[in-house]
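The sequence lines fix the lettering, A, B, ..., with proteins before strands; numbering per chain opens at 1. It should be emphasised that the depicted structure is a prediction, and the values quoted were computed from it without experimental measurement.
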There are 2 protein chains.
Amino acid sequence: MQVTTLCLGALVFGDATGYEINKMFEDGPFSHFLDASYGSIYPALMRLAEEGLVTCKAEAQERRPDKKIYSLTGKGRLKLRDALQQPIADDKFRSEFLFTLLFAHLLPRNRVRTMVDHRLAAMKQKLIELSQPDAEDTPGMDFARQYGYAIYSASIDFLENNRHLIEDIATEEEAHV
Amino acid sequence: MQVTTLCLGALVFGDATGYEINKMFEDGPFSHFLDASYGSIYPALMRLAEEGLVTCKAEAQERRPDKKIYSLTGKGRLKLRDALQQPIADDKFRSEFLFTLLFAHLLPRNRVRTMVDHRLAAMKQKLIELSQPDAEDTPGMDFARQYGYAIYSASIDFLENNRHLIEDIATEEEAHV
DNA sequence: TTAACATATATAGCGCCGATATATCGGCCC
DNA sequence: GGGCCGATATATCGGCGCTATATATGTTAA
């Protein structure tokens, strides 16, 4: 699923600038299960405008660069509907944390402990974010939020209950991969 | 973390060809939390060989292209050890499934039901794969496997217990995004 | 005061995925 | 027997997308 499709989806929730769409992926409702960045969002919006799937209205601002507000067109809605009916790719989970732990027996114990501490702290932070329902959320967003909450809860439980397994096999002294 | 680093890590478990490394990412021990493909693995191995981080030994085969067996060098081990001490990127979870469900209220109920059924079937398959410990696994691999098991279990539980939330808001008739 | 942060758009460089090309063998179905 | 698929094995092309950066300015905090 390309960034163009994600932008189409973002615009279903209302007109937005590229900057605002980026925020949806960085902090907003999409941030927990999608990613896209400026380097792909701006070109995507330009491509979509060329194809007539969105319209772009420049809004002058005092002492600021113009805002370019994008809106979905009817054609864009149809294109999104079409994309949503296509076969869906499998969920992807990418973890450099687990990759690093594959070599735990070759790493100093302190390094492993610190890594686990950091990961737990990060996940607990995510859990807090996901525990707060927003009145403005659509039912789909609320579902995704609860789904994320369930997964982070399980991850935290697992890590807290099993971290000793990986820490016990780490070496006491310096690393010697 | 680049594919070069992942290849270095793969070679810690023993000499391998590019083809075999690819299999580790596709079906093997890395498949549940990492990805890399031919388009990045072959160039990565060539770059690593140029830098003296791996060596390459061509093995002639009858009526087959030569196997190129790659081995980690001492310098490569040090490089990996160094990479493993660097700050680790956050885990990334990417789900087109959840993205699509954001628009559940705009999709036909049958489509949503089928999607959930497919996702559950796929996750149950993963769960089966992850439930079988392998005597050859290192402790790190075993930990990663159990971690994956915990997450898929939680996902399946959540989906089974909450699918009605999202199915109830889907529309009865045709899509009208 | 000055650094950091937020608003806002845009691009260059490079890494990586997906698809494809090439070549051969074994197994399976018809 | 013939044809097709999947596995083995290497390699590259095209295009997408991330990271970092450039540009410009206002606000907030130290």
Side-chain angles (χ1 to χ4, degrees), chain A residues 1-8 10 15-28 30-31 34-51 54 56-70 83 86-90 92-94 96 99, chain B residues 1-8 10 15-28 30-31 34-51 54 56-70 83 86-92 94 96 99:
Chain A
M1 198 173 275
Q2 287 161 250
V3 175
T4 45
T5 309
L6 303 183
C7 287
L8 251 20
D15 297 352
T17 65
Y19 184 76
E20 286 163 347
I21 291 176
N22 182 258
K23 274 202 295 189
M24 294 188 206
F25 290 104
E26 225 161 57
D27 318 308
F30 298 169
S31 63
L34 288 176
D35 48 305
S37 59
Y38 286 135
S40 51
I41 291 168
Y42 282 113
L45 288 171
M46 289 190 270
R47 258 180 287 155
L48 289 170
E50 267 175 45
E51 292 174 52
V54 303
C56 174
K57 186 178 55 181
E59 189 175 276
Q61 297 191 115
E62 275 172 40
R63 319 220 204 186
R64 286 281 175 101
D66 285 5
K67 255 188 195 175
K68 288 190 178 176
I69 301 168
Y70 290 91
Q86 296 308 117
I88 297 176
D90 275 351
K92 237 182 235 173
F93 174 64
R94 189 181 168 94
E96 298 186 3
F99 174 75
Chain B
M1 198 174 276
Q2 288 163 249
V3 174
T4 45
T5 309
L6 303 183
C7 286
L8 251 20
D15 297 352
T17 65
Y19 183 76
E20 286 163 346
I21 292 176
N22 182 258
K23 274 202 296 189
M24 293 189 207
F25 290 102
E26 223 160 60
D27 317 306
F30 298 169
S31 62
L34 288 176
D35 49 304
S37 59
Y38 287 134
S40 52
I41 291 168
Y42 282 114
L45 288 170
M46 289 189 271
R47 258 180 288 156
L48 289 169
E50 268 175 44
E51 292 174 50
V54 303
C56 173
K57 187 178 56 181
E59 190 176 274
Q61 297 192 117
E62 276 174 39
R63 318 222 205 187
R64 286 281 176 101
D66 286 5
K67 254 189 196 173
K68 290 191 178 176
I69 301 168
Y70 290 91
Q86 296 310 117
I88 298 175
D90 274 352
D91 288 358
K92 238 182 237 176
R94 189 183 167 90
E96 298 186 3
F99 174 75

| field | Of all pairs that satisfy salt bridge (charged side-chain N to carboxylate O under 4.0 Å, His left out), the ones with a partner from residues 36-49 of chain B, not counting sequence neighbours | value | none
| field | Qualifying residues under side chain to side chain donor-acceptor pair (under 3.5 Å), relative to Asp15(B), sequence neighbours excluded | value | Ser71(B)
| field | Rounded to 10 degrees, the angle between the two terminal axes of the helix from dT1(C)-dA30(D) to dC30(C)-dG1(D), each from five pairs | value | 40°
| task | Rounded to the nearest angstrom, tell me the gap between atom CG in Leu45(A) and atom P in dG17(D). | result | 12 Å
| remark: 5' to 3', nucleotides 13-18 of chain C under a 4.0 Å protein heavy-atom cut-off (B base, S sugar-phosphate only, - none) gives ---SBB
| note | ring pair (Phe, Tyr, Trp, His ring centres under 6.0 Å) filter on Phe93(A), not counting sequence neighbours, yields none
| query | Does the side chain of Cys56(A) reach to within under 4.5 Å of the side chain of Leu45(A), using non-hydrogen atoms? | reply | no
| note | In whole angstroms, the gap separating P of dA10(C) from CG of Asn22(A) amounts to 13 Å
| said: Looking at dT7(C), I'd like to know if its phosphate oxygens (OP1 or OP2) sit under 4.0 Å from a side-chain N or O belonging to Tyr19(A). | reply: yes
| query | Lys23(A) has an atom NZ; how far is it from atom P of dT9(C), in whole Å? | reply | 11 Å
| request: Fit a plane to each ring of Phe30(B) and Phe99(A), take the angle between them on a 0 to 90° scale, and name the class: parallel (under 30°), tilted (30 to 60°) or perpendicular (over 60°). | output: perpendicular
| field | Residue-phosphate contact under 4.0 Å: Thr17(B) side-chain N/O, dT8(D) OP1/OP2 | value | no
| query | Between Tyr70(B) (OH) and dA9(D) (C1'), how many Å, whole number? | reply | 12 Å
| Residues that Asp90(B) engages under side chain to side chain donor-acceptor pair (under 3.5 Å), provided they are two or more places apart | none
| message | Rounded to whole Å, how long is the line connecting atom CZ of Phe25(A) with atom C1' of dG17(D)? | response | 12 Å
| request: For Met46(A) and dG15(D), give me the distance from atom CE to atom P, rounded to whole Å. | output: 17 Å
| request: Look at Tyr42(B) and dA11(D) and indicate whether a side-chain polar atom (N or O) is within less than 4.0 Å of OP1 or OP2. | output: no
| query | Any side-chain heavy atom of Val54(A) within less than 4.5 Å of one from Leu8(A)? | reply | yes
| task | To the nearest 0.5 angstrom, please state how far the OH atom of Tyr42(A) sits from the CE atom of Met46(A). | result | 9.5 Å
| message | Strictly below 4.0 Å: does Lys68(B) bring a side-chain N or O up to OP1 or OP2 of dT10(D)? | response | no
| task | Would you kindly give the NZ-to-C1' distance between Lys57(A) and dA8(C), to the nearest whole Å? | result | 17 Å
| task | Kindly compute the distance separating NZ (Lys67(A)) from CD (Glu20(A)), expressed to the nearest 0.5 Å. | result | 5.5 Å
